[in-house]
Amino acid sequence: MFKHLRKWFVTRFFGRSRRRARLVSKDGRCNIEFGNVEAQSRLIFFVDIWTTVLDLKWRYKMTIFITAFLGSWFFFGLLWYVVAYVHKDLPEFHPPANHTPCVEHINGLTSAFLFSLETQVTIGYGFRCVTEQCGTAIFLLIFQSILGVIINSFMCGAILAKISRPKKRAKTITFSKNAVISKRGGKLCLLIRVANLRKSLLIGSHIYGKLLRTTITPEGETIILDQININFVVDAGNENLFFISPLTIYHVIDHTSPFFHMAAETLPQQDFELVVFLDGTVEATSATCQVRTSYVPEEVLWGYRFAPIVSKTKEGKYRVDFHNFSKTVEVETPHCAMCLYNEKDARAKMKRGYDNPNFVLSEVNETDDTKM
């Protein structure tokens, strides 16, 4: 009892201080910042204004959306007020009864703003209108109509593109909380479970991984985020996955794997981050999306396998129980990959015969003692 309480106390109060820094969070966000970026480089973001607007958060995007429309309405309202002021259409100028204004019923800045709003959004109340007496007003009407269409197209398109981005589809792809290491098909493998929460498929799905760790080159250079390719496969291969039910992907820990020299005792002391990627095409929109997550050594369980998750009902339907999605079961597993391969080599040698190096073959001269 006291042992469990001490373990809980240490984990609760001191576990946060031992958390490793992640480059990629569990939900796929990248933990990286750029410092000392030159001012000229920042202007590049305004050159690609479309991508910049799409990458903005919703609160900033809605601020730009509202500001763009209110700003354009107020700006053209000022211009309409200037036209009425120059043409002496305002009541303070006391125009004669036969005076024809540029715009009917503009009596001040408020009415000019209302006319600007009605013009740009094509409300058309029929109360205020442009007359043919003023060429400046006709030109301003055409200019505001064209600019209004551009603003509407850009801002409404940005909102629609933000809503329909495949990044939201990636939220319905989930990975298991932990990765496990156990035997699969007679080989020591690192296994991860991934599931699609929608019935619509991801077409042409491809899954792969990157192992991030700090390495020192023979020349003495320290590379903090050194990337090593990790190949993940399923029983049917890693290309064009039939992603209708949860899949268990695995990486074979062989002589070429960076996990080959790790053991169950030394795994928690390792310093690495395993980033897993899933690329695919959304069936509904034909847009490509990427889902990613990461695992640190504390989230890799040695000697476990995933609990079964797919069953068949009496009605003949296949049922997926997500209660067991991240549940693991302890199994007998070699404590290192090298031990497993040494055991296999020893068994193979026992099946083969070997010459005794201490055995010396001496030649014997045969004599024929048979006499006729």
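- L140 places a side-chain heavy atom less than 4.5 Å from the side chain of F76.
- The only member of F115, F143, Y85 that meets ring-ring contact (aromatic ring centres under 6.0 Å, His included) when paired with W80 is F115.
- Ring to ring, H94 and H99 are not that close: their centroids are 6.0 angstrom or more apart.
- Annotation: side chain of L191 is in contact with side chain of R184 (closest heavy-atom distance under 4.5 Å).
- Aromatic ring centres of W50 and F154: separated by under 6.0 Å.
- Between Y81 and F113, the distance separating the two ring centers is not shorter than 6.0 angstrom.
- A salt bridge between E299 and R22 is present, with a side-chain N of the basic residue lying under 4.0 Å from a carboxylate O of the acidic one.
- Looking at heavy atoms from C-beta onward, I192 lies in side-chain contact with L274 at the 4.5 angstrom threshold.
- P246 and F325 make their closest contact through CB-CE1, 4.4 Å (heavy atoms, listed as atom of the first residue, atom of the second, distance).
- In plain terms, the two heavy atoms of P91 and N107 that are nearest each other are CD-O, 3.5 Å.
- Residue pairs meeting the salt bridge (Lys or Arg N to Asp or Glu O under 4.0 Å) criterion with at least one partner in residues 55-78, sequence neighbours excluded, are D55-R165.
- Remark: E273 does not engage R213 in a salt bridge, criterion side-chain N to carboxylate O under 4.0 Å.
- Contact between L267 and P297 at its shortest, heavy atoms only, is O-CB, 3.4 Å.
- Residues V234 and T248 fail the side-chain proximity criterion, which asks for heavy atoms closer than 4.5 Å.
- When hydrophobic residues (I, L, V, M, F, W, Y) are linked wherever their side-chain heavy atoms come within less than 4.5 Å, the members clustered with V86 are V82.
- Annotation for L56 and K162: closest pair O-NZ, 2.7 Å, computed over non-hydrogen atoms.
- Among all heavy-atom pairs drawn from I230 and P258, the shortest one is CD1-CG, 3.5 Å.
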Criterion ring-ring contact (aromatic ring centres under 6.0 Å, His included) on H206 and Y208, from CA distance to verdict = CA-CA 7 Å; H206 173 62; Y208 57 97; 5.3 Å; yes
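- For F139, there are no ring pair (Phe, Tyr, Trp, His ring centres under 6.0 Å) partners, not counting sequence neighbours.
- With Y250 as the aromatic partner, K187 does not meet the cation-pi criteria of under 6.0 angstrom to the ring centre and within 45 degrees of the ring axis.
- For the pair I223/T217, a side-chain contact is recorded, criterion being any heavy-atom separation below 4.5 Å from C-beta on.
- The two residues C289 and V282 come nearest to each other via the heavy atoms SG-CG2, 4.1 Å.
- The shortest distance between side-chain heavy atoms of C189 and H251 does not fall below 4.5 Å.
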